[in-house]
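Reckoned from all heavy atoms, side chains included, excluding hydrogens, waters and symmetry mates. This one's a predicted model, so the numbers in the text were calculated from it and none came from an experiment.
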Amino acid sequence: MPPEDIEQFISELEKNGELKRVKVQVDADLEIAEILRRTMYSHGPAVLFEDVKGHDMPVLGNAFGSMRRLEIGLGMTDFTEIGARIAEMTRMDIPTSILGKIKKLPELSKMSSSFPKEVSGGPVTEYSSKDASFGDIPITKSWPQDAGRFITLGLVATRHPDTGVRNLGVYRMQILDDNHALMHWQKHKRGARHGDISKDRGQKIPAAVIIGGDPATIFSAIAPVPEGLDKYLFAGITRKGGIKTVKCKTVDLDVPANAEIILEGHVDPADVRDEGPFGDHTGYYTPVEKYPVFTLTGIMRKKSPVYVTTVVGKPVLEDAYIGKVIERSFLPLICMFHPEVTDFAMPAAGWFQGLAIVSIKKRYPGQAKKVMMGLWGMGQLSLTKTIIVVDDGINVHDTDDVIWAVTTRADAARDVTIIRDTPTDTLDPASPLVNLGSKMGIDATQKTLEEGYTREIQQEVRPDEKTAGIVDSRWSEYGI
């Protein structure tokens, strides 16, 4: 089983040589972030800062900064398992007859075991208080021109005001004072949707900020799951077992029982203030914008919690590895809706919203454009700026192979599609307007006569198989 909480995760990382402890005193104001950036860019370990100036709480950073650490945290090596489990549950027929139910019991039991389980108490309830302050927590400042300290890996829990479906989202939070912060949930995010519904009703929305928790729950908060899927259920699907939850003390929400810290409160959608600048994962400072205020009403935490944080900036940093797991885990779902898709990649250098590369088994003219349009209609992929579609013989994870396909199979006038006035990521520094820009699709598949390609298709050069076999068998003789 994957680790149950951050304490277990730290232990497993240390056993596997994936964690270093920093025992000298460090400052949460810029110094921790500078250390973490250098560590991340050099593909270094997770870092546990044990002595943070002005605080008695250690800070964990770069915990997910390698594929190996994510394998440890999620308890698997093939991340497509996650999407495959969701696809399996989606296709599962719920029987109506008694005999049918008996036959389906093993499958139904497997599905129900992923649901969250409410418990009366847990590690995070060891200490609670309504006299809470952000000042008690070693919240970091990452970049010199940041507007202040930001919570960067808080899992923000809200509940849909109508359906009750629970959401977890990672939205940065700028600290204003001891009891107030700004909630940077962008227009396209589910938390913002919950906030808008509450605003229309003249209400504040309860929210809880979860610091820490088991790695599967942290991953689930970041992952763009299908609309309507409860994030706590998704966490259970990811870890092959339902998470335990407890009730908050000051708001009507349930939260993971094994979290490190829970910051309880509410967001007032009608109270918006200037947020930013903040050095973000595009590699640029995002400009000042209006976002709603979160008011802290209480805290629950372990007796000796660990503050978990991350640093973002120009790729490739820690978030790149989490993005790669998202890419792999959602491939089965993409294939479920688009069965011609054979592989999918979102390069880290494109900060995951900037570029997607898709390979397809092409059967008919125009199929590449059909896939582009379909992907732009799927959840967070609606924000992807550029999609390149290649044939299934192209390795989407090999930049050289993709560039070769684009330059040998795409004609600019024929195969480049531009769509204007479409939704874009709020953080996109190139869009002419915030949240509104254009898309580009490149069809780098081999064109056919039906698509107007009247030339003879040139034959791709390939080695002679017999000679290649001989060379394989004699390779050690050559001494190369």
We want to know whether H397 and D343 form a side-chain donor-acceptor pair, criterion being a heavy-atom distance below 3.5 angstrom.
yes
Verify, without hydrogens or angle tests, whether T217 (side chain) and G213 (backbone) share a donor-acceptor contact under 3.5 angstrom.
no
Tell me whether the NZ or CZ atom of R301 lies within the 45° cone about the ring axis of Y127 and under 6.0 Å from its centre.
yes
Between N16 (side chain) and E18 (backbone), is there a donor-acceptor pair under 3.5 Å?
no
Could you check T245, V246, T125 and say which one makes a side chain to side chain contact (heavy atoms under 4.5 Å, CB included) with V119?
V246
Criterion side chain to side chain contact (heavy atoms under 4.5 Å, CB included) against N62, the qualifying member of M40, H43, R37:
M40
Got a salt bridge between D280 and R172, using NZ or NE/NH1/NH2 to carboxylate O under 4.0 Å?
yes
Side chains of M173 and F150: closer than 4.5 Å at any heavy-atom pair?
no
Expected output: side-chain K187 to main-chain A192 donor-acceptor under 3.5 Å:
no
Exercise: do T309 and T152 side chains pair donor with acceptor under 3.5 Å:
yes
Check the surroundings of atom NZ in K247: do more than 12 heavy atoms from other residues, nucleotides or ligands lie under 6.0 Å from it?
yes
Cationic N near anionic O, under 4.0 Å, D252 to R159:
yes
State yes or no: are the ring centers of F278 and Y285 separated by less than 6.0 Å?
no
Crowding at CD, E71 (>12 non-hydrogen neighbours, <6.0 Å)
yes
Give me each pair satisfying ring-ring contact (aromatic ring centres under 6.0 Å, His included) with a member in residues 158-184, each pair once, sequence neighbours excluded.
H160-H194, Y171-W185, H184-Y291
Any ion pair linking K53 and E31 (charged N to carboxylate O, less than 4.0 Å)?
no
With distance as the sole test, does S129 use its side chain to make a donor-acceptor pair with the main-chain N or O of A132 at under 3.5 Å?
no
Please step through side-chain hydrogen bond (donor to acceptor under 3.5 Å, both in side chains) for the pair R85 and S329, ending with a clear verdict.
CA-CA 10 Å; R85 290 174 205 154; S329 61; over 6 Å; no
Check K302 with D5, please: is the shortest side-chain N to carboxylate O separation under 4.0 Å?
yes
Expected output: side-chain Q145 to main-chain P277 donor-acceptor under 3.5 Å:
no
So, does T384 use its side chain to make a donor-acceptor pair with the main chain of T386 at under 3.5 Å?
no
Output yes when a side-chain donor or acceptor of T297 lies under 3.5 Å from a complementary backbone atom of T250, and no otherwise.
no
side-chain contact (heavy atoms from CB on, under 4.5 Å) between Q174 and M183, intermediate numbers included
CA-CA 7 Å; Q174 178 185 328; M183 184 67 73; over 6 Å; no
So that I know where these two stand, are F219 and F79 an aromatic pair - ring centroids less than 6.0 Å apart?
no
More than 12 heavy atoms of other groups within 6.0 Å of D131 CG:
no
I need the minimum non-hydrogen distance between I10 and V306, along with the two atoms involved.
CD1-CG2, 4.3 Å
Using a 3.5 Å distance criterion without hydrogens, assess whether the side chain of S431 forms a donor-acceptor pair with backbone atoms of L433.
yes
Is any side-chain N of the basic residue among R166 and D254 closer than 4.0 Å to the acidic one's carboxylate O?
yes
If the threshold is 4.0 Å, N to carboxylate O, is there a salt bridge linking E4 and K244?
no
Does K23 pair with E50 as a salt bridge, N-O distance under 4.0 Å?
yes
Go through the side-chain N and O atoms of S133 and D136 and say whether any donor and acceptor fall under 3.5 Å apart.
no
Using a cut-off of 6.0 Å, state whether more than 12 heavy atoms not belonging to K439 lie near its atom NZ.
yes
For D56, look at atom CG and say whether over 12 heavy atoms of other residues, nucleotides or ligands are found less than 6.0 Å away.
no
Counting only heavy atoms not in F337, do more than 12 fall under 6.0 Å of its CZ?
no
